[in-house]
Enquirer: 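Structure below; questions to follow.
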Amino acid sequence: MWKKAVPVAALVGLIMLILVCQMLGTHLKMGFTGRGGAEETSAAVQNDRVIVLDPGHGGIDAGKLGVNGTEEKEVNLKIALKVKNKLDKADMEVILTRETDDRLADSQVEDLRERVALMNRESPVIAVSIHQNSYSEENVSGAQVFYHSRSEEGERAAEAIQEKLNELQPDNKKKIKSNDTYYILKNTEVPVIIVECGFLSNYEEAQKLSSDEYQEEIAEAVSDGILLYIEEIRQQTNAG
């Protein structure tokens, strides 16, 4: 009788070991999929009509100052409003983190926290933060899109928008780039990208970025990239 019980006990022990391993595997997966302690929600289960646009800086925080005197905060807001207008026409629900020349809090840290909180609360299919770049060498130019290295959806969205921006700027050879230090990228629970539309340290590009016509072109490229990404998400969802 005792001899027959040994295999049964061994089988029960094996089953318990498998269950424990599965629980540990799930725990580890949850620990590594997040960014800065926050787990990114799958875009497939989010509302694919909701988009958050984040015009960087605002108020006393002007951002970068262009070589032509243009303030980054103004360019960011103008482009974001134009992107919203185009997405509205595509029947998207667009939420702006700011619509005027103001930031969301008194300090820069609190301002960033408020932007992240809004993104997480609205749970968009994608959040796009609009910025302008700068560099010590004036000859550097061209748009570039950033995403968090552990965000697969962020990478896909970045690829789609970079593709459209490079069509607008044929000489631009820049590719998307991962970044794990930007506050907004590492503290959000939704796919987020940062679009650096161009370099205000390059006089020619600063002049273009200050013009309404070129802002419209940038906005068209960004909105087309967003819609391309959403279409890919929809196709993936339907196929599944």
Side-chain angles (χ1 to χ4, degrees), residues 51-85 94-119 126-148 154 158 161-162 165 168-169 172 174 176-188 192-223 225-226:
I51 299 160
V52 170
L53 295 179
D54 174 44
H57 308 286
I60 62 172
D61 177 14
K64 299 175 181 68
L65 181 65
V67 291
N68 63 343
T70 299
E71 293 182 328
E72 179 189 357
K73 64 175 184 177
E74 296 179 5
V75 180
N76 294 343
L77 181 58
K78 288 178 180 179
I79 290 176
L81 290 171
K82 294 178 190 300
V83 174
K84 181 183 186 304
N85 182 54
V94 182
I95 299 165
L96 288 164
T97 57
R98 69 178 180 98
E99 300 182 48
T100 59
D101 183 20
D102 296 293
R103 60 181 184 180
L104 280 61
D106 292 335
S107 71
Q108 187 173 19
V109 172
E110 287 300 319
D111 173 74
L112 290 172
R113 287 177 180 168
E114 287 295 322
R115 292 171 196 259
V116 167
L118 185 150
M119 293 174 188
I126 187 69
V128 179
S129 191
I130 305 293
H131 287 263
Q132 312 305 314
N133 220 330
S134 182
Y135 195 64
S136 56
E137 297 179 15
E138 188 178 329
N139 64 315
V140 178
S141 64
Q144 189 167 29
V145 186
F146 293 81
Y147 66 98
H148 195 281
I161 295 175
Q162 186 74 59
L165 286 167
L168 173 63
Q169 307 168 346
N172 183 21
K174 288 183 173 58
I176 63 172
K177 188 174 182 179
S178 65
N179 183 287
D180 299 348
T181 62
Y182 291 156
Y183 186 91
I184 285 179
L185 292 181
K186 70 178 183 178
N187 288 285
T188 45
V192 181
I193 60 169
I194 295 176
V195 180
E196 298 280 1
C197 302
F199 283 76
L200 291 176
S201 51
N202 179 290
Y203 188 81
E204 182 180 352
E205 194 158 60
Q207 290 291 86
K208 291 169 66 176
L209 288 166
S210 303
S211 72
D212 185 74
E213 181 181 359
Y214 190 67
Q215 289 170 4
E216 285 284 355
E217 293 177 344
I218 288 287
E220 185 80 31
V222 172
S223 59
I226 291 172

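Numbers here simply count residues along the sequence, with the first being 1.
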Enquirer: One thing to verify: whether K186 and D180 come together as a salt bridge, which I'm taking to mean a side-chain N less than 4.0 angstrom from a carboxylate O.
Expert: no
Enquirer: How long is the straight-line distance from CG of L104 back to CD of E114, given to the nearest 0.5 Å?
Expert: 6.0 Å
Enquirer: Rounded at 0.5 Å granularity, tell me how far CD in E216 sits from CD in E220.
Expert: 8.0 Å
Enquirer: Going by side chain to side chain contact (heavy atoms under 4.5 Å, CB included), M119 matches just one of I95, D54, I126. Which one?
Expert: D54
Enquirer: Rounded to the nearest 0.5 Å, what's the gap from OG on S129 to NE2 on H57? Could you check?
Expert: 8.0 Å
Enquirer: Do Q108 and R103 have side chains that approach each other closer than 4.5 Å (heavy atoms only, starting at C-beta)?
Expert: yes
Enquirer: Is there a donor-acceptor pair closer than 3.5 Å between any side-chain N or O of K73 and the backbone N or O of G59?
Expert: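 Indeed, once roles are kept as given, a pair shorter than 3.5 Å links the two residues.
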Enquirer: Apply side-chain contact (heavy atoms from CB on, under 4.5 Å) to residues D106 and D111 and explain how you reach the verdict.
Expert: CA-CA 7 Å; D106 292 335; D111 173 74; over 6 Å; no
Enquirer: Would a 4.5 Å heavy-atom cut-off, applied to side chains only, mark N179 and Y147 as touching?
Expert: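 No, their side chains stay 4.5 Å or more apart.
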Enquirer: Heavy-atom distance under 4.5 Å between the side chains of N202 and V140, does that happen here?
Expert: no
Enquirer: How far does CD of E196 sit from CD of Q144, to the nearest 0.5 angstrom?
Expert: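 Going from the CD atom of E196 to the CD atom of Q144 covers 8.0 Å.
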Enquirer: Assess whether salt bridge (charged side-chain N to carboxylate O under 4.0 Å, His left out) is satisfied between R113 and E110, documenting all intermediate values.
Expert: CA-CA 5 Å; R113 287 177 180 168; E110 287 300 319; 2.6 Å; yes
Enquirer: Please find the pair of heavy atoms, one from A219 and one from K82, that lie closest to each other, and give the distance.
Expert: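 For A219 and K82, the tightest heavy-atom pair comes out as CB-CB, 3.5 Å.
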Enquirer: For V67 versus A206, what's the shortest heavy-atom pair and its separation?
Expert: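 Answer, listing the atom of V67 first, then A206: CG2-CB, 4.3 Å.
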Enquirer: Is Y183 atom OH crowded by more than 12 heavy atoms from other residues, nucleotides or ligands, each under 6.0 Å away?
Expert: yes
Enquirer: Evaluate the side-chain contact (heavy atoms from CB on, under 4.5 Å) criterion for residues E71 and L65: first the C-alpha distance (whole Å), next the side-chain angles of each, then the deciding distance (0.1 Å), finally the verdict.
Expert: CA-CA 5 Å; E71 293 182 328; L65 181 65; 4.0 Å; yes
Enquirer: Working note: V192 + H148, criterion side-chain contact (heavy atoms from CB on, under 4.5 Å); need CA distance, chi angles, decisive distance, verdict.
Expert: CA-CA 8 Å; V192 181; H148 195 281; over 6 Å; no
Enquirer: Is the side chain of S201 donor-acceptor paired with the backbone N or O of Y135 at a distance under 3.5 Å, no angle test?
Expert: yes
Enquirer: Can you find a side-chain donor-acceptor pair between Q207 and N68 that sits under 3.5 Å?
Expert: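 The criterion, which ignores hydrogens and geometry beyond distance, is satisfied for N68 and Q207.
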Enquirer: Under 4.0 Å between a Lys/Arg side-chain N and an Asp/Glu carboxylate O for D102 and R98?
Expert: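 Salt bridge flag = no for R98 with D102.
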Enquirer: Less than 4.5 Å apart, side chain to side chain, heavy atoms only: is that true for L53 and I51?
Expert: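 Side-chain contact under 4.5 Å: yes.
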Enquirer: Are I130 and C197 close enough that some pair of their side-chain heavy atoms sits under 4.5 Å apart?
Expert: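 A side-chain contact exists here, since the closest heavy-atom pair is under 4.5 Å.
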Enquirer: Applying side chain to side chain donor-acceptor pair (under 3.5 Å), can you list everything that pairs with N85, at least two apart in sequence or on another chain?
Expert: none
Enquirer: Once you round to the nearest 0.5 Å, how far does CD of Q215 lie from CD of E217?
Expert: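 Reported value, rounded in 0.5 Å steps: 10.5 Å.
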Enquirer: Between T70 and L209, is a side-chain contact (heavy atoms from CB on, under 4.5 Å) present by the stated rule, with each step listed?
Expert: CA-CA 9 Å; T70 299; L209 288 166; over 6 Å; no
Enquirer: Q169 and N172: side-chain donor and acceptor closer than 3.5 Å?
Expert: yes
Enquirer: Which pair of heavy atoms, one from L96 and one from L118, lies closest together, and at what distance?
Expert: O-CD1, 4.4 Å
Enquirer: Do V195 and L165 have side chains that get closer than 4.5 Å, going by heavy atoms?
Expert: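 Of all side-chain heavy-atom pairs linking L165 with V195, at least one is under 4.5 Å.
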Enquirer: Can you tell me how far the CD1 atom of I79 sits from the NE2 atom of H131, to the nearest 0.5 Å?
Expert: 11.5 Å
Enquirer: At their closest point, which heavy atom of A221 faces which heavy atom of L168, and how far apart are they?
Expert: CB-CD2, 4.5 Å
Enquirer: Look at atom CG of D212 and say whether more than 12 heavy atoms of other residues, nucleotides or ligands are closer to it than 6.0 Å.
Expert: yes
Enquirer: Work out which heavy atom in I193 is nearest to a heavy atom in G154; give both atom names and the distance.
Expert: CG2-O, 3.3 Å
Enquirer: Under 3.5 Å, side chain of E72 to main-chain N/O of K64, donor-acceptor pair present?
Expert: yes
Enquirer: Go through the side-chain N and O atoms of N76 and Q132 and say whether any donor and acceptor fall under 3.5 Å apart.
Expert: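 Yes.
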Enquirer: Among residues at least two apart in sequence or on other chains, which ones pass ring-ring contact (aromatic ring centres under 6.0 Å, His included) with F146?
Expert: Y182
